[in-house]
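Beneath this line is the structure, given in structure tokens, with notes to follow.
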Amino acid sequence: MTPPRKLHIKSYGCQMNVYDAQRMVDSLGGEGFVETASVDEADLVILNTCHIREKASEKVYSELGRLRVAKDEAARQGRAMKIAVAGCVAQAEGDEIIARAPTVDVVVGPQSYHHLPDLLKRAARGERAIETEFPADDKFDHLPAPKRDAIRARGISAFVTVQEGCDKFCTFCVVPYTRGSEISRPVAKIEDEVKRLVDNGVREITLIGQNVNAYHGEGLDGRSWSLGRLLYHLAEIPGVARLRYSTSHPNDVDDSLIAAHRDLSELMPFVHLPVQSGSDRILAAMNRKHTAADYQKVVDKFRTARQDIAFSSDFIVGFPGETEQDFRATLALVAQIGYAAAYSFKYSPRPGTPAADMQEMVPAAEMDERLERLQTLIDSQQSAFNRAAIGTTVDVLFERPARNPGQIVGRTAYLQPAHVMASDEIVGQVLPVRIDGLERYSLLGALAIDATASAPRLSVPSATIGA
Ligand code: 5AD
Ligand code: SF4
């Protein structure tokens, strides 16, 4: 029997990439590959790249420089190491990668992962294989259900892709170009995948998509189902303790999604709802097609449906033409909404996007200063949100033993890590925890019940902390 070949995969960027990496591991498992944490002993290294923000492609080329050294060393030892570039940089810059980095054997875009085994066979024959076409047919062909014996437990929490691509064309964003137009997966396939994950011990499912609430997949009745309808359906699967979804666009929040938050205890009251800016002028230049007031209205709808709901967001500072006044409108919006967490980035032109041609660049020093002011405000909101948990009892889904012996770590409804001293038998259970301290971003507490005496709880009563 030939020894298994070893695969090292390094993923950058979004949850979709994490998910795709797992799928590549699954599909290459069928070809006799096993995963290794060490680049040096790999027969195949895949860089699963992200193109969304600053210096994405430079990072890829410098990583490829390091890999060339590892590949040469492997060759000296008589081993042929192959190098593949996947993900959105592969999609956006395929030919250039082949031209600039002779060490690369395979370039594969996100819509073509199901062709990886073929591409590797071509590479084994000495060809340099590239595939970055958008297939005209079903984009989800690259997401075949993993074979029953290939599916591995994903731990307690897993991602499931429900839609891919985006038709919004925000002027700063590469996603519509690298991931293509928006398409949704049929409900039956999603249900099948969720059931299999749950059979393998997964308790929390995060539905992912670049624009997840634009979901409109074929339902079990042959009609188009919304994300809300899909969530109602998935919440009925026994063993699904928690549901989440990411990332949403404010303009695609419909009544069924709001109702799902009102009705489903499994649906976590924590929504990632990027707004990008608080200035209507900048929002228009970004082609967001909503104002700050529209966004606030959407947030209010969620809050009316579920009082303990909290939000996170993404912000871009220094979009071309952003004035101090525009930036202050962003600070004002943040102050008004009150976030549990948020990510903020300096604008970086992405080649091929409309904003890349906009002339009024904000000077770098100003961008730095604005980013710092925004992050200070967000940090203070996040700390206040975390401190508000102290003294309350919250439900925690326990995920794994923590680094400190005897400690188990899980997450609250708001994805805050929470640590307790307990036996590892509680992994996979949702249990109430009395929070009595905070260490950086982690909550510290004690189980509020005798875990050994109680059966696992599947549903999540409303948490006791609010935004
Ligand atoms: N520059 C800076 N940030 C960007 N993002 C997307 N494109 C850019 C860009 N060109 C940010 C947005 C998005 C998040 C995933 O990345 O805030 O929501
Ligand atoms: Fe990019 Fe999100 Fe805008 Fe789509 S909605 S173009 S993914 S920022």
Side-chain angles (χ1 to χ4, degrees), residues 11 15 18-19 21-22 35 37 151-160 194 196-208 235 237-246 264-270 272 308 310 312 340-341 382-383 385-466:
S11 260
Q15 295 158 336
V18 176
Y19 178 89
Q22 195 57 59
E35 229 183 329
I151 194 165
R152 307 173 332 168
R154 300 289 199 270
I156 296 302
S157 182
F159 301 132
V160 171
V194 170
R196 268 187 290 172
L197 288 166
V198 170
D199 285 349
N200 280 271
V202 169
R203 310 296 316 283
E204 175 177 84
I205 303 284
T206 304
L207 306 180
I208 57 171
I237 297 176
V240 172
R242 289 182 165 185
L243 287 168
R244 303 177 184 276
Y245 58 91
S246 189
L264 302 176
S265 59
E266 295 84 356
L267 183 57
M268 291 296 96
F270 188 38
H272 184 55
D308 61 354
S312 62
Q382 183 167 10
S383 302
F385 186 82
N386 288 341
R387 274 197 311 275
I390 297 175
T392 68
T393 298
V394 300
D395 276 325
V396 173
L397 170 58
F398 287 97
E399 291 184 3
R400 59 190 157 78
R403 235 169 299 153
N404 290 345
Q407 258 188 357
I408 309 291
V409 62
R411 290 194 183 260
T412 69
Y414 307 104
L415 291 177
Q416 298 148 300
H419 291 76
V420 299
M421 296 298 290
S423 120
D424 57 13
E425 280 165 30
I426 68 168
V427 168
Q429 297 187 31
V430 177
L431 296 171
V433 172
R434 171 93 188 164
I435 303 298
D436 44 41
L438 187 63
E439 206 177 276
R440 290 171 56 82
Y441 294 101
S442 277
L443 304 177
L444 305 175
L447 288 180
I449 52 157
D450 177 2
T452 51
S454 85
R457 285 168 47 184
L458 298 185
S459 67
V460 186
S462 59
T464 48
I465 53 178

Subject >> Straight-line distance of Arg411 CZ to Asp395 CG, nearest 0.5 Å >> reply: 16.0 Å

**OP:** Write down the atom of Ala448, the atom of Thr393, and the distance for their closest heavy-atom approach.
**Re:** CB-CG2, 4.0 Å

**OP:** To the nearest 0.5 Å, tell me how far Leu431 CG sits from Ile426 CD1.
**Re:** 6.0 Å

Subject >> Residues that Val409 engages under side chain to side chain contact (heavy atoms under 4.5 Å, CB included), provided they are two or more places apart >> reply: Arg400, Ala402, Pro417, His419

Subject >> Ala235: partners by side chain to side chain contact (heavy atoms under 4.5 Å, CB included), with sequence neighbours left out >> reply: Leu243, Leu264, Glu266

**OP:** Mind checking side chain to side chain donor-acceptor pair (under 3.5 Å) for Thr206 and listing every partner two or more places apart, or none if nothing turns up?
**Re:** none

Original post:
Looking only at heavy atoms, what is the nearest atom pair of Phe270 and Ala413, with distance?
Top reply: CB-O, 3.6 Å

**OP:** Working to the nearest 0.5 Å, report the span between CG of Asp308 and OH of Tyr414.
**Re:** 4.0 Å

Original post:
Say you draw a straight line from CZ of Arg434 to OG1 of Thr392; how long is it, rounded to the nearest 0.5 Å?
Top reply: 7.5 Å

Subject >> For Ser312, side chain to side chain donor-acceptor pair (under 3.5 Å) partners two or more places apart >> reply: His272

Original post:
Between atom CD1 of Ile408 and atom OG of Ser423, what is the distance when rounded to the nearest 0.5 Å?
Top reply: 6.5 Å

**OP:** Kindly write out the residues that satisfy ring pair (Phe, Tyr, Trp, His ring centres under 6.0 Å) with Phe398, not counting sequence neighbours, or none if the list is empty.
**Re:** none

Original post:
Is any side-chain heavy atom of Leu438 closer than 4.5 Å to a side-chain heavy atom of Leu443?
Top reply: yes

Original post:
Distance from Phe159 atom CZ to Leu207 atom CG, nearest 0.5 Å?
Top reply: 11.0 Å

Subject >> Close side-chain approach of Val240 to Val194, heavy-atom, < 4.5 Å >> reply: yes

Original post:
How about Gln429 and Leu447: do any of their side-chain heavy atoms sit closer than 4.5 Å?
Top reply: no

Original post:
Which pair of non-hydrogen atoms, one from Ile208 and one from Gln15, has the smallest distance, and what is that distance?
Top reply: CG2-OE1, 3.4 Å

**OP:** Identify, with sequence neighbours excluded, every residue that meets salt bridge (charged side-chain N to carboxylate O under 4.0 Å, His left out) alongside Arg244.
**Re:** Glu204

Original post:
So, for Thr412 and Ala418, which heavy atoms are closest and what is the spacing to 0.1 Å?
Top reply: CG2-CB, 4.3 Å

Subject >> Taking every non-hydrogen atom, the tightest pair across Asp424 and Pro401 >> reply: CB-CG, 4.4 Å

**OP:** For the pair Arg203 (side chain) and Gly239 (backbone), establish whether a donor and an acceptor sit closer than 3.5 Å, ignoring hydrogens and angles.
**Re:** yes

Subject >> Closest non-hydrogen atom pair between Gly445 and Asp436, with its separation >> reply: CA-OD1, 3.7 Å

